[in-house]
Amino acid sequence: DAGITQSPRHKVTETGTPVTLRCHQTENHRYMYWYRQDPGHGLRLIHYSYGVKDTDKGEVSDGYSVSRSKTEDFLLTLESATSSQTSVYFCATRVGTQNTGELFFGEGSRLTVL
Amino acid sequence: GENVEQHPSTLSVQEGDSAVIKCTYSDSASNYFPWYKQELGKRPQLIIDIRSNVGEKKDQRIAVTLNKTAKHFSLHITETQPEDSAVYFCAADSYGQNFVFGPGTRLSVLP
C-alpha cells in the first residue's frame, strides 16, 4: 500500500465549516496528490506537491488549499465547505522519477457536507 | 492542458469473452499511460501501463495498445472472469508532473 494513510476516513460536516484532510506517507516519496472522485467524472486533480512547501493547483482547486511542511504529510483544507464538495477524496504518492512513476493511492476519505 | 476521453462508460460481457476499453488523449507530449482498476469501495490500483516508446504490452490476460499518431490507447481483457468486474480508469501523464484521468468504465462480467 506504499505506506499511505488518510484521516479521517469518514466525515460529516455542515456547510460553511472548515475541514482538513490529512495524508501521511512513510516512503519518503517526493510527489503527493489530492484527487476527488465523483460519479461520471473519474478522478480529478485538486492540488499536488513536488516537495516540501512546493505545491501547485490542479483542475478543480477552487475552494481548496494545501500545505506540505514535511515530506510525509500533505494536508488538504476546505476553507468553507459547500455541498458541492461532498465527495470521496483520494491522496496518492508517485513512486519513481518524474515521467516514469506510477501512482499509489490511499484508501480514500468520504466527506459529506450537509 | 491534457484531456482524456474514455469509452464506453459501461460494458457488460459474458464470462469468458473479451472486453475492450478505449481512451483518447489531447496532449501529444504525454508519454506515459497507466490503467487503474477500482473495485467497489476500494482504492484505484494500477494494473498495467505503457510508455510512448512501446506499441503494445501484455501481462497474462490483460494487454494495452498505444497509437501515438492517433493519440489513443486501449485496454484489452481476454477470458474475462467475475473478479474482473470493476471500474477501470485510463490516464495520461501531463507535463511529467501529474496524471489526468478518464471518467471511467464500469465493467460487468456476467456468469
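A, B, ... follow the sequence lines: proteins, then strands. Residue 1 opens every chain. No experiment lies behind these values; they were computed from the predicted model shown.
- Comment: B/Glu79 does not engage B/Arg61 in a salt bridge, judged by the lack of any side-chain N to carboxylate O separation of less than 4.0 angstrom.
- The most heavy-atom pairs under 4.5 Å with chain B, out of A/Gly106, A/Ala92, A/Gly108, come from A/Gly106.
- Residues A/Ile4 and A/Thr93 have side chains in contact (heavy-atom distance under 4.5 Å, counting atoms from C-beta outward).
- When only modelled atom types and interatomic distance are considered, A/Gln37 and A/Ser87 share no side-chain donor-acceptor pair under 3.5 Å.
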Tell me which donor-acceptor pairs under 3.5 Å the side chains of residues 104-111 of chain B have, and how far apart each pair is, sequence neighbours excluded?
| from | atom 1 | to | atom 2 | distance (Å) |
| --- | --- | --- | --- | --- |
| B/Thr105 | OG1 | B/Gln6 | NE2 | 3.0 |
| B/Thr105 | OG1 | B/Pro8 | O | 2.5 |

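- Taking a cutoff of 4.0 Å between a charged side-chain nitrogen and a carboxylate oxygen, A/Glu102 and A/Arg94 do not qualify as a salt bridge.
- Contacts with chain B (heavy atom to heavy atom, under 4.5 Å) involve these residues of residues 41-67 of chain A, listed by number: A/His41, A/Gly42, A/Leu43, A/Leu45, A/Tyr48, A/Tyr50.
- Heavy-atom distances place both the backbone and the side chain of B/Phe99 under 4.5 Å from chain A.
- Between B/Tyr36 and A/Phe105, the ring-plane angle classifies as perpendicular under the 30° and 60° cut-offs.
- Using a 4.5 Å cut-off between heavy atoms, B/Gln38 touches chain A through its side chain atoms alone.
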Test salt bridge (charged side-chain N to carboxylate O under 4.0 Å, His left out) applied to B/Lys57 and B/Asp59, step by step: CA-CA 7 Å; B/Lys57 182 178 179 181; B/Asp59 183 3; over 6 Å; no
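- Ring planes of B/Phe33 and B/Tyr25: tilted class, angle from 30 to 60°.
- With respect to chain A, the highest number of heavy-atom pairs below 4.5 Å among B/Pro44, B/Gly102, B/Pro34 belongs to B/Pro44.
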